[in-house]
Amino acid sequence: MSEPNVTWEDQDMINEFGRLNNKMHELTAELTEKQTQLDDTQEAESEVMLADEDVRFIIGEAFFFLGSDAAQEYITEKTESLEKEIEKLREGVADCKKRLAELKVKLYGKFGNAINLEE
């Protein structure tokens with residue numbers, strides 16, 4: 001069985017697959033990081049609710065003292081921001097997966113087992 005010729009369009013699709021696969025992995029790693037930040041922020045929110053006094057915050061390498069109301073407001077804004085970022089990242093991952101699936105169908109259709117498009 002002879003191997004099919006690789007055209008410019010085929011090579012372009014293979015390259016696009018590689019770029020999208022890398023992008024999907026980067027987005028997935030960033031999504032995991034943001035989800036961890038959201039979990040930590042939600043845990044901090046629970047702790048702040050229980051606090052009766054000023055709360056010590058670490059932002060970067062600096063410590064700040066905030067009243068519990070100001071701390072609660074800050075955490076709420078941070079939570080909303082993280083949730084928006086997470087949703088955007090999930091959409092990006094879904095878009096990548098959709099396009100990767102389309103490319104797999106086309107490339108496997110032409111090359112069969114002669115090409116490996118798995119992780």
Side-chain angles (χ1 to χ4, degrees):
M1 180 174 164
S2 67
E3 294 182 17
N5 291 332
V6 179
T7 65
W8 175 258
E9 291 81 20
D10 297 334
Q11 187 61 51
D12 194 42
M13 285 191 290
I14 292 167
N15 292 344
E16 181 182 1
F17 184 90
R19 285 190 308 271
L20 281 172
N21 194 39
N22 287 338
K23 181 179 178 181
M24 185 186 70
H25 286 291
E26 290 170 4
L27 290 174
T28 301
E30 189 175 346
L31 178 61
T32 301
E33 180 183 325
K34 294 292 182 186
Q35 188 62 51
T36 300
Q37 288 177 6
L38 179 62
D39 293 344
D40 292 345
T41 303
Q42 289 172 335
E43 184 177 327
E45 184 175 29
S46 299
E47 294 294 326
V48 168
M49 284 183 191
L50 299 174
D52 292 335
E53 53 194 49
D54 287 351
V55 178
R56 184 170 57 174
F57 265 81
I58 300 174
I59 300 177
E61 295 182 10
F63 288 97
F64 297 93
F65 286 96
L66 293 175
S68 60
D69 291 340
Q72 186 66 38
E73 183 178 327
Y74 174 82
I75 290 173
T76 300
E77 290 173 6
K78 185 72 173 172
T79 300
E80 290 171 359
S81 172
L82 285 168
E83 287 172 344
K84 287 178 186 175
E85 290 178 45
I86 287 170
E87 185 57 35
K88 185 177 177 183
L89 289 168
R90 283 185 179 148
E91 289 172 5
V93 169
D95 291 345
C96 285
K97 285 183 178 181
K98 180 180 176 186
R99 181 64 181 146
L100 286 170
E102 293 169 1
L103 290 169
K104 276 185 178 183
V105 168
K106 290 178 184 177
L107 291 169
Y108 277 132
K110 181 169 184 178
F111 296 104
N113 292 334
I115 191 168
N116 182 8
L117 300 173
E118 301 305 318
E119 307 285 322

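Remember, predicted model here, so these are calculated numbers, not experimental data.
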*Salt bridge present between E91 and K88 (N-O < 4.0 angstrom)*: no

_Please give me the minimum heavy-atom distance between C96 and L27, naming the atom from each residue._
SG-CD1, 4.2 Å

*Find out whether R90 and K34 are in side-chain contact, i.e. whether some heavy atom of one side chain is under 4.5 Å from a heavy atom of the other.*
no

*Would you kindly confirm whether Y74 and M49 end up in one hydrophobic cluster when ILVMFWY residues are joined by side chain heavy atoms under 4.5 Å apart?*
no

*Kindly determine whether Q37 and E85 satisfy side chain to side chain contact (heavy atoms under 4.5 Å, CB included), including the steps that lead there.*
CA-CA 11 Å; Q37 288 177 6; E85 290 178 45; 5.7 Å; no

*According to a 4.5 Å side-chain heavy-atom criterion applied to Ile, Leu, Val, Met, Phe, Trp and Tyr, with indirect links allowed, do L117 and M24 form part of one hydrophobic cluster?*
yes

*How about Y108 and N116: do any of their side-chain heavy atoms sit closer than 4.5 Å?*
yes

*Is it true that atom NZ of K23 has more than 12 heavy atoms of other residues, nucleotides or ligands lying nearer than 6.0 Å?*
no

_So, taking the atom named CG in D12 and the one named CG in L103, what distance separates them when rounded to the nearest 0.5 Å?_
9.5 Å

*Does a sphere of radius 6.0 Å around CD in E43 hold more than 12 heavy atoms from other residues, nucleotides or ligands, not counting ones at 6.0 Å or beyond?*
no

*How far does CZ of R19 sit from CG of N15, to the nearest 0.5 angstrom?*
6.0 Å

*Between atom CD of E33 and atom CG of L38, what is the distance when rounded to the nearest 0.5 Å?*
12.5 Å

_Closer than 3.5 angstrom, by distance alone: can the side chain of S81 be matched with the main-chain N or O of E77 as a donor-acceptor pair?_
no

*In Å and rounded to the nearest 0.5 Å, what is the CD to OG1 distance from Q42 to T79?*
6.0 Å

*When you check the gap from the basic side-chain N to the acidic O, do K104 and E118 get nearer than 4.0 Å?*
yes

*Nearest heavy-atom neighbours spanning I115 and L107*: CG2-O, 4.2 Å

*So how far is it from E26 CD to L89 CG, rounded to the nearest 0.5 Å?*
11.5 Å

_Spacing of I14 atom CD1 and E9 atom CD [to the nearest 0.5 Å]_ = 11.5 Å

*Any idea which heavy atoms bring F111 and D10 closest together, and the distance?*
CZ-OD2, 3.6 Å

*Measure across S68 and V48 and return the closest heavy-atom pair with its distance rounded to 0.1 Å.*
O-CG1, 3.7 Å

